[in-house]
Structures are given as C-alpha cells and as structure tokens.
Amino acid sequence: MRKPIEIKKYSMMNIFKTNRTIVDWLAGRAAELYDVDVVPDVFEPESLDFGDWTTNLPFQLARVARKSPADIATEIVDAELPKNISSAEVAGAGYINFRISKDALAGMVLSIISEPDRWGFSSPEKNVKIQVEFVSANPTGPMNIVSARAAAVGSTIANALRTAGYDVSTEFYLNDAGNQIRLLGESFLARIEQLRGKSAEIPEGGYFGEYLLDYAREYLSSGASENPQEWILKKITSEQKSVLKKFNTEFDVWFSEREFRSSGKVEEVLSRLRDGEHTYIKDGAEWFAASKIADDVEDFVLVKSDGEWAYGLVDIAYHINKFEERGFDIVYTILGPDHHGHRARLETAMKALGHPDKLKVLILQQVNLIENGEKIKMSKRAGKIITMTELIDDVGVDAARYFFLARKMEAHLDFDLDLARNTSDENPVYYIQYAYARIRSIIEFAQNKGFDVDEIVQADLSLLQHPEEHFLIRKIYKYPYTIEKTARNLQPHIIPFYLYDLAKLFHDFYTKHRVVDENEKGLSVARLALIDAVAITIKNGLKICGISAPDKM
RNA sequence: GCGCCCGUAGCUCAGCCUGGAUAGAGCAACGGACUUCUAAUCCGUAGGUCGCAGGUUCGAAUCCUGCCGGGCGCGCCA
C-alpha cells in the first residue's frame with residue numbers, strides 16, 4: 001500500500017491552470033506592448049524538442065504591430081515569466097516556446113505516485129449530465145463486429161468523459177418491441193416445431209440462423225414453461241449482456257423500448273408535433289415535415305397507414321425522454337453507418353421539440369475483417385458471420401479493443417485478424433503492456449534490494465538530468481490534457497496513440513539508463529519515482545480504454 | 001441522382017476540427033546492440049507529386065470550389 005504523504009516542497013500543479021496562465025500572460029503582454037485585445041492560442045508543439053507549450057501569437061500580431069513576428073516574439077518575451085514557467089524561447093520565424101519549470105514537474109511526479117488513483121481525473125467536477133448511448137443491438141441474434149467496435153468506442157468515450165469530470169450515464173436501448181421481435185418469436189416457434197418433427201416454415205423476413213435451432217434445443221431440454229417468445233428474447237439479451245461484460249463494457253441503464261411504448265410519451269410527443277404543425281397526412285400515413293426545418297432533410301413517416309407507430313417516431317420520443325424525463329444536458333448516441341439518414345431526422349426533430357444542439361449523433365463506420373491479406377466476406381443469408389464472441393475468443397479482449405480504438409471512429413476500419421492474433425512485437429498493444437510489466441518488474445527488483453516505497457515517494461527528482469528522463473516527465477505531464485482532449489473531441493483513438501508514444505519513451509530510457517544501482521541510491525530512488533509515475537499513467541490510460549495492464553508478461 | 005465517410009511512405013495509419021517550425025509512427029526491407037533491473041526491447045539506414053486542379057492567405061496535408069478513385073446509405077424495415 002502507498003502511504004499518503006505530505007508534499008512540502010511542491011504543490012500540486014494543474015496542467016490546465018498552467019496553460020491558462022500562459023494564455024493570460026500573453027494576452028497581457030499583447031495589450032501592454034501593442035494595445036490589442038486577443039485570446040492567444042497556446043497549444044502543444046509538434047515535438048517535445050520545442051518545449052511544453054507553444055504559441056504563434058507573434059504571427060497574428062505581425063500585421064497590427066507592423067513588425068516581423070520574430071521581433072514581436074523577442075519583445076513579448078522580454079518580461080518576467082508566469083508562474084511555473086522556466087523559459088520562453090523565441091524559435092523558428094516567430095514562435096515562442098515555453099518550458100515548465102523542473103520544480104513544478106517534480107511536484108507533479110511526486111503527487112502522482114502518492115495518489116495514483118486520482119492521476120488524470122479532473123477536479124473540480126464539471127456540473128454537466130451526459131448520456132452516452134451505444135451498441136443498442138437488436139436482441140434478435142448474436143452481436144456482430146460492428147457492435148464490438150461500438151462497445152469499445154462507446155465505453156471508452158464514456159470513461160474518458162467521466163475521467164474529465166462529467167456526470168456520465170451509459171445506456172443500451174433494448175429494442176424489445178416491434179416487427180423484428182415478432183419475427184424473432186415466430187422464427188423461434190418454427191424451429192421448435194421442426195424439432196418436434198412437425199413441418200413449420202420460418203416466416204418471410206425471419207431469422208434463419210442456426211443459433212435459433214440451438215436455442216430451441218436448449219428450450220425444449222430445459223423444460224421451461226415460459227412462453228417461448230419471451231424466453232428467446234430474455235435468452236438473447238442475457239447473452240448480449242454477458243458478452244459485453246466480458247468485453248469490459250457495462251451499461252448503467254438497459255432501457256426497454258416495450259416499457260417505453262406504454263409510458264404515454266410517444267403519444268405526447270406526437271401531439272406536440274401536431275400542435276406545432278410539423279405533421280401532415282399523405283397516402284394514409286402521417287408524416288413529419290422535416291424539410292421545412294432543415295433544407296437537406298427529407299420528410300419521413302411518423303405513423304404508418306396501418307396506424308402503427310413508425311420506428312422514427314418512437315425514437316424521437318425516446319430521445320425527448322432523455323432530455324425531459326431524465327434531465328441530460330448532452331446526449332451522445334452512437335449509431336452504425338447504415339443509420340446516417342436517421343441522424344439528421346433525429347436532430348431535426350429535437351430542434352422542432354425545443355431541444356436544439358443537445359443531441360449529437362455519432363456515426364461509427366463499418367469494420368472489414370482481414371485474414372491472409374484478404375477481406376472476409378460475410379453474408380447473413382449464408383450464415384457466414386463472425387460474431388463478437390468469436391472475435392473475442394480469437395484475438396482476446398485487449399487486442400480487440402486496442403484495434404477498435406486505434407482508429408478514428410468516422411473512418412472505415414480494416415481489422416487485421418492475423419496482426420491482432422499475433423502476440424509478437426508486431427502487435428502494438430503488447431508494446432504498451434510490456435512497458436508496464438517491465439516497470440513492475442523493476443520495482444519488484446528494487447524492493448528485493450531493499451528500496452522501499454516511503455523513500456521513493458520522497459525522491460529528489462533534481463537528480464534526473466538526462467534528456468530521456470525529461471522527455472518522460474514532460475510526456476506524463478500531458479496525460480490529463482490528452483484525456484481532456486479525448487473527451488472534448490470525442491476521439492478515443494487519441495489515448496492509444498498517446499500511450500504508445502509514452503511506452504516508446506520509456507523503452508528508450510530503459511535501454512540507456514539503469515534504474516536500480518546500489519552505488520547511486522539517490523539517483524535510483526529518483527528514477528524509481530519516475531518510472532512508477534510512468535506505470536501509473538499507462539495503467540490509468542489503459543483502464544479508460546478497457547484494456548488490462550498485466551504485472552508480468 | 002442525392003447524402004455520409006475515406007484517399008498522406010510498399011502496407012496499416014496519426015496529423016486536418018482550431019492554417020504556420022524539416023509532413024510523423026508502426027509493420028515490412030537493410031545494417032547494428034543482450035556478462036547488468038524482462039531483447040515482446042533499443043539504435044541506425046532507406047522509403048512521400050499529402051488523389052488531381054483551381055482559389056483564399058504573408059503561409060495550405062490542414063480552409064473553400066470543382067473533378068477523379070474507393071466504401072456505405074438513401075423503405076409506410078428497424
């Protein structure tokens with residue numbers, strides 16, 4: 001166990017505060033020197049060689065100040081620097097590169113190792129309620145690999161948002177009503193009849209997959225007395241739950257469409273749309289006049305001519321429920337690529353009903369499985385689909401999640417099965433995990449040599465003088481910023497790339513410098529503190545991704 | 001036809017939202033490094049008309065327009 005300790009020499013440094021300090025300082029200098037009011041852009045330089053933060057403000061001031069960016073940069077820098085900043089250096093044609101002081105970075109490292117579970121978590125919390133809905137696969141059969149991708153991406157976004165201080169609820173919308181469920185029930189009944197030796201046909205548009213036959217056998221042999229249609233629905237749903245859980249994806253709420261349909265909300269929403277004169281009758285059906293609200297959205301049916309609610313209507317009401325009954329400030333709904341037409345419809349409807357700009361529908365692109373360099377062709381009809389369960393059993397949870405995450409979600413993903421299966425150096429997920437395992441191993445070695453935790457947590461980090469050590473510290477410093485960026489941009493792929501870079505810096509450091517050296521106790525302790533902070537960062541980052549951090553490999 | 005996404009090194013991709021420093025990784029190729037804490041590692045070499053053409057700008061892989069190529073979607077299905 002780690003003992004909480006009092007850090008006397010240094011105070012906790014807040015990365016966002018530091019960035020903010022630089023912004024304010026620059027704005028002040030610009031006002032003072034050139035009498036202009038600007039909000040300077042302070043961002044990460046492309047390389048750590050250029051410092052910790054950089055600004056291109058001099059370029060922006062060039063016209064107003066009628067001077068070259070380089071001269072402006074020189075003038076700006078000629079003043080007392082803000083807190084925690086040790087240098088501001090003019091570089092290139094007019095950049096200013098800032099470096100965080102070593103004292104401040106040392107304080108950060110010590111605070112990480114004394115409170116590892118808090119590292120990366122934003123405080124204070126933001127007072128915003130966010131819902132993330134994802135997967136929401138129909139409970140009509142085994143989940144496919146797009147659901148697996150959605151699970152990895154959705155859960156990571158939710159984890160990142162939570163870490164960044166938002167109040168997050170994850171939700172799976174259970175489509176347990178409607179036409180498809182009826183067809184599922186009928187298909188299942190037909191399979192049962194077939195097993196009983198009677199002739200029964202699976203209905204048109206029904207589910208022909210072998211799995212229903214297997215379930216039918218299970219149903220009959222279990223002697224269940226429950227209505228088969230209810231039984232199969234529960235069966236498939238519970239299978240989905242358990243696969244998702246195995247995939248490190250858990251939902252706070254499983255929201256039943258069937259229950260929702262009887263809540264009265266659909267009727268209410270429909271009548272509000274009518275009152276707002278957003279609907280009209282055509283061909284015996286009732287339509288939503290979406291094109292009147294947004295130019296590029298076509299009208300669509302709310303109530304079918306047979307009097308049944310269309311899917312679109314129920315989904316609109318469902319999303320209204322999220323805002324009105326449950327008070328979410330922001331809702332992210334992740335949908336598959338075949339739903340992109342639905343996105344504009346939903347967002348238009350939210351606008352019509354008084355909730356503009358609160359719903360963001362994210363479209364997750366498709367997945368192609370690649371084996372032996374070729375695309376695996378999948379066909380539902382031929383029963384040749386690869387299920388989420390098979391994928392997990394094949395490549396493992398960690399590798400699968402890594403490959404799903406290490407790609408922008410709006411891009412198509414070619415999932416290389418051979419590479420994901422590969423447990424060698426070609427597989428980047430092991431590269432990151434290996435860095436962690438190496439560190440655990442070194443720390444264990446050190447403890448066996450008599451170093452203890454109390455010493456490490458009071459290390460004198462000024463003993464760290466090599467560039468490899470400083471690159472590591474400064475990369476760690478960027479971790480909370482990386483999480484914040486992920487949450488703000490909803491781009492989970494940022495985290496795996498960051499962790500890979502961090503692991504690379506560690507491996508480089510490891511090769512050049514020995515950590516445990518009994519003749520250099522102080523230095524060893526400082527390095528142990530450093531690598532412990534690296535390990536904590538990797539572990540916390542992997543946890544957000546739902547990927548494990550094994551102590552040994 | 002309309003809409004969404006993609007096009008950056010031989011391959012797989014970052015970088016684009018928010019324009020600026022020599023366009024970055026990994027894999028594959030070639031050459032090196034283990035008596036010392038895990039070689040699932042490290043170092044080096046080589047590899048690019050950023051799909052094409054215009055435009056905006058002091059400055060474009062990044063923003064705008066038009067093309068070309070690839071994927072997907074356009075139901076009173078959900």
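Letters A, B, ... mirror the listed sequences (proteins, then strands); counts begin at 1. Fair warning: this is a prediction, and the values are worked out from it, not measured in the lab.
Close to B/U38, at under 4.0 Å from its OP1 or OP2, lies no side-chain N or O of A/Arg440.
Among the heavy atoms of the strands lying under 4.0 Å from A/His339 is at least one base atom, whether or not backbone atoms are also near. Counting non-hydrogen atoms under 4.0 angstrom, A/Phe300 reaches nothing in the nucleic acid. Base engagement by A/His340 is indicated by at least one non-hydrogen atom pair under 4.0 Å involving a base atom. Using a 4.0 Å heavy-atom cutoff across all strands shown, A/Phe50 reaches at least one base atom of the nucleic acid. If you check every strand for non-hydrogen atoms under 4.0 Å, A/Lys449 touches nothing. Here A/Lys512 lies out of heavy-atom contact (under 4.0 Å) with every strand. At a threshold of 4.0 angstrom between heavy atoms, the contacts of A/Asn97 include nucleobase atoms, whether or not backbone atoms are also involved. Looking at heavy-atom distances under 4.0 Å, A/Asp551 makes contact with a base. Using a 4.0 Å heavy-atom distance criterion, A/Asn175 is classed as making no nucleic acid contact.
Taking the C1' atoms as reference points, B/G54 lies 50 Å from B/A40, given to the whole Å. Here the separation of B/G44 from B/A61, taken at their C1' atoms, is 28 Å to the nearest Å. Annotation: B/C16 and B/U62 have their C1' atoms spaced 4 Å apart (nearest Å). Taking atom C1' on both B/A25 and B/A9, the two are 11 Å apart, rounded to the nearest angstrom. For the P atom pair drawn from B/C63 and B/C17, the interatomic distance equals 5 Å after rounding to whole Å. Between the P atoms of B/G66 and B/C77, the separation comes to 35 Å (whole Å). To the nearest whole angstrom, the two P atoms, one in B/C11 and one in B/G19, are 31 Å apart. Taking the P atom of each, B/G69 and B/G75 are spaced 25 Å apart, rounded to whole Å.
Per the stacking criterion (ring centres < 5.5 Å, plane angle < 30°), A/Phe497 does not stack onto the base of B/A14.
Ion pairing between A/Lys552 and A/Glu444 holds under the 4.0 Å rule for side-chain N and carboxylate O. Salt-bridge check for A/Asp501 with A/Lys504: failed, with every basic side-chain N at 4.0 Å or more from each acidic carboxylate O. Salt-bridge formation is not detected for the pair A/Arg527/A/Glu468: no Lys NZ or Arg NE/NH1/NH2 atom is positioned less than 4.0 Å from an Asp or Glu carboxylate oxygen. Between A/Lys322 and A/Glu171 there is no salt bridge, since no side-chain nitrogen of the basic residue lies less than 4.0 Å from a carboxylate oxygen of the acidic one.
Base pairing of B/A53: its partner is B/U65, meeting the Watson-Crick or G-U wobble criterion (both donor-acceptor distances under 3.5 Å). Pairing partner, B/G26: B/C11, with both Watson-Crick or wobble hydrogen-bond distances short of 3.5 Å. Across all strands shown, B/G1 forms a Watson-Crick or G-U wobble pair with B/C74, both key distances being under 3.5 Å. Across all strands shown, B/C17 forms no Watson-Crick or G-U wobble pair with both key distances under 3.5 Å. Pairing for B/A46 is absent, with no Watson-Crick or G-U wobble pair whose two atom distances lie under 3.5 Å.
Of the two residues contacting RNA chain B, namely A/Pro550 and A/Gln365, the nearest-nucleotide position lying further toward the 5' end is that of A/Gln365. Each of A/Ile96 and A/Asp338 lies near RNA chain B, and the nucleotide nearest A/Ile96 is the one positioned closer to the 5' end.
Between the A/Thr486 side chain and the A/Thr482 main chain, a donor and an acceptor come within less than 3.5 Å of each other.
Donor-acceptor pairing under 3.5 Å is recorded for the side chains of A/Asn175 and A/Glu257.
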